[in-house]
There are 2 protein chains.
Amino acid sequence: MTNRLQLDRFLPYRLSITSNLVSDRIAHAYESMFGLTIPEWRLVAVIAEVDAITQAEIGERTRMDKVTVSRAAIALVGRGLLERAPNESDKRSHLLSLSAAGRELYALVAPKALELEARVFARFTPAELEAFTTMLRRIDAAALEED
Amino acid sequence: MTNRLQLDRFLPYRLSITSNLVSDRIAHAYESMFGLTIPEWRLVAVIAEVDAITQAEIGERTRMDKVTVSRAAIALVGRGLLERAPNESDKRSHLLSLSAAGRELYALVAPKALELEARVFARFTPAELEAFTTMLRRIDAAALEED
DNA sequence: CAATAATAGTTTCAATTGATACCAACCCCT
DNA sequence: AGGGGTTGGTATCAATTGAAACTATTATTG
């Protein structure tokens, strides 16, 4: 029989399985260790990298929905981890940056994140990981094309 | 600065991005073409491969939550795509199989699925795809370990 | 063979999600 | 200047999700 589909070999399916397995692990760890959801943690990470950024930019970088970004930002501001400064050049938006507490938290979370990553990916060689991420990026590009 | 985390290179994050991009594309296509959610479509695919199977087994194979499987099964039975036969050897469970209509649908959906997959993954060589799926499986194994 | 634990499947409920609508501010065009 | 369209962000609402409780059946153990 030609052209037979086996779910087990169907790449979108495999990708989803793997992503969920990894995400679940990480999500539980973040939640229990720092009380952070994945979107919240992503905001912290992105903002730590750039210092000041608008929500729209965060959405673009992380491909998170703007609603998701909005809620995560509100939650983090509420917890004193994030600060909002008025954006002079566009008064609709705010510039988000980490508060002192936010930077402290980040200093705790980042190594933990790398450790979690290492625990799952330790068994792979740098070359394998490199090839893998390259594939992921190429797939991203393919999925985004012609829509 | 050593040990700096860049979200952009954080593998769990990249994996999630890619998986979501691909899933969204597929989900929209299935929904608009066949009125199927992804869990529903997975049931159809798995059941087509094996003929008769319990929900528990489906959950095991696909790593979908039993609640998700239950709801998809109910929906598919309701639409006449799936049939439930009593399982003589265990009266708690049912044996699910495709109805005639279900097989017809599957005959339509499967090639479409392969085509969608091809559209995103066409640019990769068989060797690349092979290496990629191998990585995914190894990651699955790593993520499942010691938990 | 009770009685206890485990399993298949469903229901319930609370949380997360994203589509949509909305407001305010901006941009562009004439 | 002043509409017409776009964009940043929030609010609302309906759908999806999974944890936990529940029912019915099966397995295990004393």
Side-chain angles (χ1 to χ4, degrees), chain A residues 16-17 19-21 23-28 30-32 35-43 46-47 50 52-78 82-97 147, chain B residues 16-17 19-21 23-28 30-32 35-43 46-47 50 52-78 82-97 147:
Chain A
S16 160
I17 295 274
S19 170
N20 287 341
L21 279 175
S23 282
D24 282 359
R25 269 210 131 194
I26 305 268
H28 283 132
Y30 287 171
E31 168 56 39
S32 66
L36 288 176
T37 65
I38 285 195
E40 286 167 8
W41 141 248
R42 285 182 182 171
L43 286 216
V46 170
I47 296 170
V50 301
I53 188 173
T54 64
Q55 294 183 189
E57 270 181 273
I58 294 174
E60 210 171 306
R61 284 180 185 235
T62 61
R63 300 207 172 287
M64 287 192 284
D65 194 87
K66 65 177 182 171
V67 178
T68 306
V69 174
S70 170
R71 281 194 276 244
I74 290 170
L76 291 170
V77 170
L82 223 62
E83 278 163 5
R84 280 183 160 155
N87 181 358
E88 289 308 328
S89 67
D90 185 341
K91 287 174 187 160
R92 290 170 300 183
S93 66
H94 313 99
L95 289 177
L96 301 179
S97 57
D147 205 16
Chain B
S16 160
I17 295 273
S19 171
N20 287 342
L21 280 174
S23 282
D24 283 359
R25 267 211 131 191
I26 305 267
H28 283 133
Y30 287 171
E31 168 57 37
S32 67
L36 288 177
T37 65
I38 286 194
E40 285 167 8
W41 140 248
R42 285 181 181 172
L43 285 217
V46 170
I47 296 170
V50 299
I53 188 174
T54 64
Q55 294 182 190
E57 271 182 89
I58 294 174
E60 209 172 306
R61 284 180 185 237
T62 62
R63 300 202 170 287
M64 287 193 285
D65 194 86
K66 66 178 181 172
V67 179
T68 307
V69 173
S70 170
R71 283 196 271 246
I74 290 171
L76 291 170
V77 169
L82 222 61
E83 279 163 6
R84 278 183 161 156
N87 182 357
E88 289 309 329
S89 66
D90 185 341
K91 284 173 188 160
R92 290 170 302 183
S93 67
H94 313 100
L95 289 177
L96 301 179
S97 57
D147 204 17

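First the proteins, then the strands, lettered A, B, ... as listed; each starts at 1. Because the structure is predicted, anything quoted here is derived from the model rather than measured.
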Which residues share a side chain to side chain donor-acceptor pair (under 3.5 Å) with Arg61(A), sequence neighbours left out: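 Applying side chain to side chain donor-acceptor pair (under 3.5 Å) to Arg61(A) gives none.
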How many whole angstroms separate atom [atom1] of [X] from atom [atom2] of [N]?
X	N	atom1	atom2	value
Asn20(A)	dT17(D)	CG	P	11 Å
Asp90(A)	dA24(C)	CG	C1'	10 Å
Asn87(A)	dG8(D)	CG	C1'	10 Å

Pairs touching residues 85-94 of chain A that satisfy salt bridge (charged side-chain N to carboxylate O under 4.0 Å, His left out), sequence neighbours left out: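 Every salt bridge (charged side-chain N to carboxylate O under 4.0 Å, His left out) pair that includes a residue of residues 85-94 of chain A, provided the two are not neighbours, is Asp90(A)-Arg92(A).
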For [X], check side chain to side chain contact (heavy atoms under 4.5 Å, CB included) against everything at least two apart and list the hits.
X	answer
Arg63(A)	Leu144(A), Ile17(B), Leu21(B)
Ser23(A)	Ser19(A), Ser16(B)
Thr62(A)	Val46(A), Ile58(A), Met64(A), Leu7(B), Tyr13(B)
Glu31(B)	none

Ile53(B) and its side chain to side chain contact (heavy atoms under 4.5 Å, CB included) partner, picked from Ile47(B), Leu95(B), Leu43(B):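 For Ile53(B), the side chain to side chain contact (heavy atoms under 4.5 Å, CB included) test succeeds with only one of Ile47(B), Leu95(B), Leu43(B), which is Ile47(B).
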Partners meeting salt bridge (charged side-chain N to carboxylate O under 4.0 Å, His left out) with Glu83(B) (sequence neighbours left out):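 Listed in chain order: nothing, the list is empty.
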B/S/- contact track for nucleotides 9-19 of chain C, protein heavy atom under 4.0 Å: BBBB----BBB
Bend angle of the helix from dC1(C)-dG30(D) to dT30(C)-dA1(D), from helix axes over five pairs at each end, nearest 10°: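 For the helix from dC1(C)-dG30(D) to dT30(C)-dA1(D), the axes at opposite ends meet at about 30°.
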